[in-house]
Amino acid sequence: MRIFLDPGHGGSNPGAVGANGLEEADVNLDIALKTGRLLQTEGYTVNYSRTDDTNVSLSERAALANQWGADYFVSIHCNSNVNPIYKGTSTYFYRTGTVAEELALTVNNALVEEINTKDLGIFSANFAVLRLTRMPAILVELAFISNPEEAELLSSEGFRQKCAIGISRGIIAFTS
Ligand SMILES: [Zn+2]
């Protein structure tokens, strides 16, 4: 089973930046690498769109997963809003009624159960990485980096590890 993990942003594109100065790209990468390590210990073959602080275009991320022949694609992001009150976890898929929608629900549920955030649910979205990938693909928004409380959580090693446990448990539950 081949899982392609896509840590959002990187390099010249830090993504959203928290009130505490935390950059989304760094959080995404750390949690993707932690998730990958957990999946590898469970026998999964894992690949990444990036493993360091570099900027990879959205179409290149999808192309890498397509060329590698991934069975599933999981993009990892933090959410952000101009209103700092927003918080919680959500997961996105491209089209309703697909395997990706089922995967999104399974991973979102496993994640919320592990990290105890507000469950915002799953949504259909026309994101390039979801549209351009040929395998079931989802995009996880772990929590809001724009919310001071969640930015603090996203800064912590323990919470990041829990995020990785939640994502990997969802993938394992869905694929076994
Ligand atoms: Zn993002």
Side-chain angles (χ1 to χ4, degrees), residues 3-36 46-65 70 72-94 100-101 103-105 107-108 110-112 114-115 117-133 135-156 159-164 166-168 170-171:
I3 309 294
F4 192 92
L5 299 174
D6 173 41
H9 314 282
S12 58
N13 171 8
V17 180
N20 57 359
L22 186 66
E23 291 190 356
E24 185 197 345
D26 297 334
V27 177
N28 298 341
L29 177 61
D30 188 29
I31 293 171
L33 294 172
K34 284 174 160 60
T35 303
V46 176
N47 202 351
Y48 305 88
S49 55
R50 64 183 181 97
T51 53
D52 57 16
D53 191 21
T54 49
N55 191 5
V56 181
S57 75
L58 296 175
S59 57
E60 196 179 342
R61 290 167 195 256
L64 287 167
Y72 297 97
F73 177 100
V74 179
S75 188
I76 296 173
H77 286 254
C78 302
N79 217 333
S80 182
N81 195 285
V82 287
N83 186 339
I85 204 165
Y86 283 93
K87 52 193 214 170
T89 301
S90 53
T91 301
Y92 298 80
F93 57 93
Y94 183 43
E101 181 180 10
L103 176 64
L105 184 62
V107 170
N108 199 69
L111 188 55
V112 168
E114 191 62 38
I115 65 178
T117 44
K118 182 179 177 187
D119 185 359
L120 301 176
I122 64 168
F123 304 93
S124 169
N126 185 14
F127 294 153
V129 291
L130 302 182
R131 189 181 65 243
L132 300 173
T133 38
M135 70 293 307
I138 63 170
L139 185 147
V140 176
E141 296 278 11
L142 298 160
F144 280 78
I145 203 166
S146 48
N147 175 270
E149 206 177 298
E150 292 198 336
E152 201 57 43
L153 286 172
L154 289 164
S155 304
S156 87
F159 185 81
R160 290 180 183 191
Q161 185 63 25
K162 281 185 180 180
C163 287
I167 296 167
S168 61
I171 293 169

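Read the numbers this way: they start at 1 and go in the same order the structure lists the ligands and their atoms. Side chains are part of it too, since the values below use all heavy atoms of this structure and drop only hydrogens, waters and symmetry mates.
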query = Which is it for V107 and Y72 under the side chain to side chain contact (heavy atoms under 4.5 Å, CB included) test, yes or no, and what are the steps along the way?
reply = CA-CA 12 Å; V107 170; Y72 297 97; over 6 Å; no
H77, N/O/S atom nearest the Zn ion (ligand 1) = ND1
Identified side chain to side chain contact (heavy atoms under 4.5 Å, CB included) counterpart of L142 within the set T91, L153, I167, N79 = I167
message = With carbon and hydrogen excluded and only N/O/S kept, which atom of H9 is nearest the Zn ion (ligand 1)?
response = NE2
query = Got a donor-acceptor contact below 3.5 angstrom from the R50 side chain to the G8 backbone?
reply = yes
task = Assess E24: does it contribute an N, O or S atom lying under 2.8 Å from the Zn ion (ligand 1)?
result = yes
key: Heavy-atom side-chain contact between R61 and L58 under 4.5 Å   = yes
request  = Answer yes or no as to whether an N/O/S atom of C78 is found below 2.8 Å from the Zn ion (ligand 1).
outcome  = no
